[in-house]
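See structure below.
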2 protein chains.
Amino acid sequence: MITQDQDTLSQKWEVLLSQAGYRITRPRRAILDIVAESSRPLTPLEIYDKVREDNPGVGLVTIYRTIEKLEELHLVSHVHHLGECQTVFRCPDSHQHLLICTKCGSSRYFDGLEVEEQFNQIGEKLGYQVTGHWLQLAGLCEACRGKQQSKG
Amino acid sequence: MITQDQDTLSQKWEVLLSQAGYRITRPRRAILDIVAESSRPLTPLEIYDKVREDNPGVGLVTIYRTIEKLEELHLVSHVHHLGECQTVFRCPDSHQHLLICTKCGSSRYFDGLEVEEQFNQIGEKLGYQVTGHWLQLAGLCEACRGKQQSKG
DNA sequence: TCCTTATTGATATTGAATGTCAATATCAAC
DNA sequence: GTTGATATTGACATTCAATATCAATAAGGA
Ligand SMILES: [Mn+2]
Ligand SMILES: [Mn+2]
Ligand SMILES: [Zn+2]
Ligand SMILES: [Zn+2]
């Protein structure tokens, strides 16, 4: 019963970084933890602030460099949301799309196969050969909907 | 036959700016012309360079300020495409979505009603109340497809 | 034409993102 | 456990788009 294979997402990421030839350091580990466990997209500065709560020495460059590597390994991707164009959020294994709460930012993925089917046809009508798409939904999560109601 | 009511988009925009209490100046007119006639989203710097071809004195700030007003009147909106997050493109009258050529940037709008119908359902499945969406297609326009073929 | 005031562009400033580099830490090899 | 090549770090400097300031100018209603 000592086997405690929690298999956290950040633990998986550590392995993958390692396998890719990157070293696991204290600052890097702190960044992984925060990004992997976040339920919403974070800006580099948000990550920076959160990391420094427990690791005051870490520099902002380290945040950018770690994000770079996570992106390279397709573990996180950039998300455009509201004013922010540089937020980063964990990737799903396959190609999926985000549904983001406009109030708290908490995000979920969905595949959206039902709508993707129609993208080629839409393109054809306009004389374009569709090669990619960008779909993102915004809304209110259950938690935020609850809070809103209790104010009415 | 002297009536030459061309009713250019930029002319319409001038009227609307005027009606909104803004003044029509030479720099501003030059910006309107370029933005209104562009078949693809432009960055502030691209607009700046194009404007200065004929109006060397115009400053970059003026570009930003004019974009600000066009945006306020819902005549243009920001487009995120490739690395660029600040490009601006003319708006359609109603809510529509962009289909952008990945090679030359030329863009078309489509309504996408057939897919929008399904967004609420997608949200419900995940416990979200969908209030907005962001859909953008990328592909190759006819012209760019032609060029590509001739290389094969 | 006059006059209020919106607009302009030169100038300065901000701040996120990136480049540089000596000191340091990692981790594979021993 | 020790060693050593080198990946990583953070302080520091730099870049550059975006924003702020402000006196001079120009728009356009009266
Ligand atoms: Mn998709
Ligand atoms: Mn829509
Ligand atoms: Zn929420
Ligand atoms: Zn094209």
inquiry  = I need the Thr66(B) OG1 to Leu32(B) CG distance, nearest 0.5 Å.
reply    = 7.0 Å
inquiry  = I'd like to know if Ile67(B) and Leu98(B) are part of one continuous hydrophobic network [Ile/Leu/Val/Met/Phe/Trp/Tyr, side-chain heavy atoms within less than 4.5 Å].
reply    = no
query = So what does Arg28(A) hit on the nucleic acid, given a heavy-atom distance under 4.0 Å: a base, only sugar-phosphate, or nothing?
reply = sugar-phosphate
ask   = Which residues satisfy the ring pair (Phe, Tyr, Trp, His ring centres under 6.0 Å) test with His80(A), sequence neighbours excluded?
value = Trp134(A), His80(B)
Sugar-phosphate only, base, or nothing, as touched by Leu45(B) at under 4.0 Å among non-hydrogen atoms = sugar-phosphate
task = Whole angstrom is fine here: how far is it from CG in Asn55(B) over to P in dG9(C)?
result = 9 Å
remark   = When rounded to whole Å, the CZ to C1' distance for the pair Arg65(A) and dT9(D) reads 6 Å
inquiry  = To the nearest 0.5 Å, what is the distance between CG on Leu113(A) and CD on Gln96(A)?
reply    = 8.5 Å
key: Between dT8(D) (P) and Glu14(A) (CD): distance, integer Å   = 14 Å
query = Whole-Å distance between dT9(D) P and Tyr48(A) OH?
reply = 14 Å
request  = Find the distance Glu68(A):CD to dT9(D):P and express it as a whole number of Å.
outcome  = 11 Å
key: Sequence-aligned protein contact record of nucleotides 24-30 of chain D, with B where the base is within under 4.0 Å of a protein heavy atom and S where only the sugar-phosphate is   = --BBS--
request  = Report the residue from Ile100(B), Thr43(B), Val76(B) that forms a side-chain contact (heavy atoms from CB on, under 4.5 Å) with Thr87(B).
outcome  = Thr43(B)
query = What's the verdict on side-chain hydrogen bond (donor to acceptor under 3.5 Å, both in side chains) for Gln136(A) and His97(A), showing C-alpha distance, side-chain angles and the deciding distance?
reply = CA-CA 6 Å; Gln136(A) 203 168 287; His97(A) 310 99; over 6 Å; no
ask   = So which nucleotide from dT8(D), dT21(D), dT7(C) ends up closest to the side chain of Lys69(A)?
value = dT8(D)
request  = State plainly whether the residues Glu14(A) and Arg23(A) are in salt-bridge range, i.e. N to O under 4.0 Å.
outcome  = no
task = Give the rounded distance in Å between these two atoms: CG of Leu42(B) and P of dA17(D).
result = 16 Å
inquiry  = For Leu135(B) and Phe110(B): C-alpha separation, side-chain torsions, deciding distance, then whether side-chain contact (heavy atoms from CB on, under 4.5 Å) applies.
reply    = CA-CA 10 Å; Leu135(B) 171 60; Phe110(B) 64 92; 4.0 Å; yes
query = Say you draw a straight line from CD of Glu84(A) to CG of Leu42(A); how long is it, rounded to the nearest 0.5 Å?
reply = 10.5 Å
message = Using whole Å, what does the distance between atom P of nucleotide dT13(C) and atom CG of Leu60(B) come to?
response = 18 Å
query = Could you state the CD-C1' distance from Gln19(A) to dC27(C), rounded to the nearest angstrom?
reply = 15 Å
message = Quick check on contacts: within residues 78-89 of chain A, what sits under 4.0 Å from DNA chain C by heavy-atom distance?
response = Gln86(A)
